[in-house]
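Written out below as structure tokens is the structure these notes cover.
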Amino acid sequence: MAGSSRSSGEAAGSITCQQFYSNVHNGQRQLLVVDDDDTNHQVVSLLLGSAGYALVHVHSGPETLTYLTSCEVLPDLILLDAAMPGMDGRQVCRRIRSMMSNSSVYLPIVMVTAQVSAAAVDASLAAGADDHLGKPFSRSELLNVVISNMAKQQQEGA
């Protein structure tokens, strides 16, 4: 798309994949970790890598949308940082929900942020997030939110 400042993920308009990573990888779960800070990616890798999750790391909203519109299978859950430069996590979440509005599958999204006020939690949920996890968090808190929100995928998905 010459001369355009929009990424292919922004231009595509919809997420067409209808199958989750776990459906084609013998039940192994994949998480899409979205954060502009490499240290946060390392923390999540340390906390969840040993739990058997496959992790995909992206660093921005546009990169997230590009990944989701071009992937062959969807991640089983998205851990999405709320405070990123450019397109913040809530904007990304709204865009994903819009792009999947006609989908037969449900992709759980957990907003991960240091913003823990009631207003911040409400803003995350209003943007379409399934849950809100405050930073810093422990391994057990992270695992609990991942497990409980993957259950939503199973309940609301195909």
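Note that these values count all heavy atoms, side chains included, but never hydrogens, waters or copies made by symmetry.
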So the salt bridge (charged side-chain N to carboxylate O under 4.0 Å, His left out) pairs with at least one residue in residues 44-61 (sequence neighbours excluded) are none
Counting C-beta onward and ignoring hydrogens, is there a side-chain heavy-atom pair between [X] and [Y] closer than 4.5 Å?
{"X": "Met111", "Y": "Leu125", "answer": "no"}
{"X": "Ile96", "Y": "Leu65", "answer": "yes"}
{"X": "Leu32", "Y": "Leu68", "answer": "yes"}
{"X": "Asn40", "Y": "Val44", "answer": "no"}

side-chain hydrogen bond (donor to acceptor under 3.5 Å, both in side chains) with [X]: which residues, sequence neighbours excluded?
{"X": "Asp36", "answer": "none"}
{"X": "Ser148", "answer": "none"}
{"X": "His57", "answer": "His41, Ser45"}

Closest approach of [X] to [Y] (non-hydrogen atoms, all atoms of both residues):
{"X": "Pro75", "Y": "Phe20", "value": "O-CD2, 3.2 Å"}
{"X": "Asp131", "Y": "Val145", "value": "OD2-CG2, 3.1 Å"}
{"X": "Lys152", "Y": "Tyr106", "value": "O-CD2, 4.2 Å"}

Is a side-chain donor-acceptor pair under 3.5 Å present for Thr16 with Ser14? no
Go through the side-chain N and O atoms of Ser103 and Gln18 and say whether any donor and acceptor fall under 3.5 Å apart.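 Judged by distance alone, the side chains do pair up.
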Suppose we screen for salt bridge (charged side-chain N to carboxylate O under 4.0 Å, His left out). Which residues come up paired with Arg139, at least two apart in sequence or across chains?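 Partners of Arg139 by the salt bridge (charged side-chain N to carboxylate O under 4.0 Å, His left out) criterion come out as none, since no residue qualifies.
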May I have the step-by-step check of side-chain contact (heavy atoms from CB on, under 4.5 Å) for Arg29 and Met150, ending in yes or no? CA-CA 9 Å; Arg29 302 299 186 124; Met150 280 195 192; 3.5 Å; yes
Side-chain atoms of residues 77-88: list all donor-acceptor pairs with protein atoms under 3.5 Å, sequence neighbours left out, distances to 0.1 Å.
{"unit_1": "Asp81", "atom_1": "OD1", "unit_2": "Lys135", "atom_2": "NZ", "d": "3.3"}
{"unit_1": "Asp88", "atom_1": "OD1", "unit_2": "Arg90", "atom_2": "N", "d": "3.0"}
{"unit_1": "Asp88", "atom_1": "OD1", "unit_2": "Gln91", "atom_2": "N", "d": "2.8"}

Whether Thr66 side chain and Pro62 backbone form a donor-acceptor pair below 3.5 Å: yes
